[in-house]
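Structure first, then comments.
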Amino acid sequence: MVIKIVCLRCRQKLTAPAYAEKITCPQCGELNPIIKKSSPATSREQGKIIPPLIGKSMEKLRKLLLGNTQRLSGSSGSSSSPPSKLCALDHSGNQLPAKKRAVLCGVSYKKWKYKLKGTINDVMNMKTLLTQTYGFLERNILVLTEEESDARLIPTKANIENCLKWLVNGCQKGDSLVFYYSGHGLRQPDFNDDELDGFDETICPVDFLREGMIVDNDIYATIVKPLSEGVTLHAIVDACHSGTILDLEHVYERDKGKWIDNRPPSGVRKKTSGGIAYSISACEDNQVAADTSALNSNTMNGAMTYILIDVVRGNPDITYGDLLDQIETRIEDANQQGCFGGSRILSKLFGPNLSQKPLLSASEEFPVYERKFKL
């Protein structure tokens with residue numbers, strides 16, 4: 001007889017003999033205690049199921065890594081509160097604030113007729129880039145996909161919003177934050193007069209048909225506006241219509257080699273609180289993005305994500321301008337060869353030849369061919 005558990009640190013599924021009291025995770029080295037099953041108690045106050053009680057030290061660690069275990073999702077798979085702030089520990093066991101933190105979201109819509117096949121690959125590749133190239137710790141990265149065993153990490157609207165709040169919560173000078181999204185993106189009419197083209201850009205959670213999309217205005221308010229001085233945010237969004245998904249005030253027009261003003265016509269300012277935000281989107285607001293296996297014959301990937309990771313790995317000191325140039329050039333080359341025909345479902349509306357131009361926007365203008373791309 002064996003017992004199946006999930007590693008408290010990296011969420012790897014583990015199998016141990018029934019008599020074992022602890023098991024070491026082969027992936028991250030975490031020593032996991034094996035908790036014997038008992039009947040869960042019901043909290044009348046919250047109306048939620050409370051997991052069986054465990055030792056105080058393990059409960060503290062569990063809350064540190066996974067958030068408040070008493071606030072698990074209901075039937076919709078959504079969390080009533082964001083995961084707690086993940087922290088590193090020093091040699092004495094004291095909490096150290098996470099200087100690098102990331103939320104990686106990949107939505108495959110696997111129960112849909114028109115599911116996306118490359119989004120989870122995109123998330124895993126991005127996680128590898130962050131940990132191996134930029135020194136992010138796995139415990140400071142939240143991954144949301146439909147494959148996660150923790151219901152709070154299923155990419156529902158509520159869960160994505162909660163994780164975005166976690167991303168910026170308590171951010172301090174020197175922090176580097178990353179939001180990555182791979183999934184469907186759409187547009188809807190703008191009724192606030194804050195879009196130059198008259199449309200709000202959106203991302204689509206797995207439950208968006210029931211709960212609605214997440215609009216660029218809300219993404220700005222959640223992760224851009226709170227950025228304090230010395231905090232840096234990078235958003236990398238591989239979705240259709242994702243150009244100005246953060247509503248940043250400055251958009252770099254590569255063809256003209258200059259920044260253009262993207263401030264709302266209404267006069268409302270879309271600024272940070274002293275920090276800086278960058279966004280690299282797969283395409284402009286009126287374009288669709290490709291999902292293809294042509295770049296890697298073994299797996300499906302988002303074209304922009306695959307190329308960005310490949311370019312950065314080959315040249316870790318690349319500038320924003322050179323990175324943008326290389327992504328667009330390689331997408332154009334692949335498009336010329338017909339690699340993207342019939343890729344993402346929405347692309348079928350636009351014929352076999354996609355026009356996909358990656359877009360760089362920022363909360364402030366800067367010399368794109370001088371500043372290096374660093375996460």
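Position 1 is the first residue of the sequence; numbering continues from there.
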Taking atom types as modelled and ignoring hydrogens, do the side chains of [X] and [Y] form a donor-acceptor contact shorter than 3.5 angstrom?
X      : Y      : value
Tyr180 : Thr305 : yes
Asp238 : Tyr306 : no
Thr145 : Glu148 : yes

Item to check | Parallel, tilted or perpendicular: rings of His234 and Tyr320 (30°, 60°) | outcome: parallel

Item to check | Derivation and outcome, side-chain contact (heavy atoms from CB on, under 4.5 Å), residues Val251 and Ile260 | outcome: CA-CA 5 Å; Val251 173; Ile260 60 174; 3.8 Å; yes

Using the rule side-chain contact (heavy atoms from CB on, under 4.5 Å), only one of [options] pairs with [X]; which is it?
X      : options                        : value
Tyr220 : Asn217, Thr222, Val224         : Val224
Ser281 : Ser361, Pro358, Ser242         : Ser242
Ile245 : Ile214, Val237, Val215, Asp200 : Val237

Next on the checklist: Walk me through whether Val107 and Glu146 qualify under side-chain contact (heavy atoms from CB on, under 4.5 Å).
Outcome noted: CA-CA 7 Å; Val107 193; Glu146 288 136 282; 3.8 Å; yes

Checklist entry - Quick one: does Tyr109's side chain have a donor or acceptor within less than 3.5 Å of a partner on Cys204's backbone? => result yes

Item to check | Single-linkage hydrophobic cluster, 4.5 Å side-chain cutoff, Met304 and Ile309 together | outcome: yes

Checklist entry - Can you find a pair of side-chain heavy atoms, one from Lys374 and one from Asp317, that are under 4.5 Å apart? => result yes

Item to check | Val368 and Phe366, any side-chain heavy atoms less than 4.5 Å apart | outcome: yes

Item to check | Derivation and outcome, side-chain contact (heavy atoms from CB on, under 4.5 Å), residues Asn162 and Arg152 | outcome: CA-CA 9 Å; Asn162 287 336; Arg152 291 165 298 182; over 6 Å; no

Checklist entry - Does a side-chain N-to-carboxylate-O contact under 4.0 Å join Glu249 and Arg269? => result yes

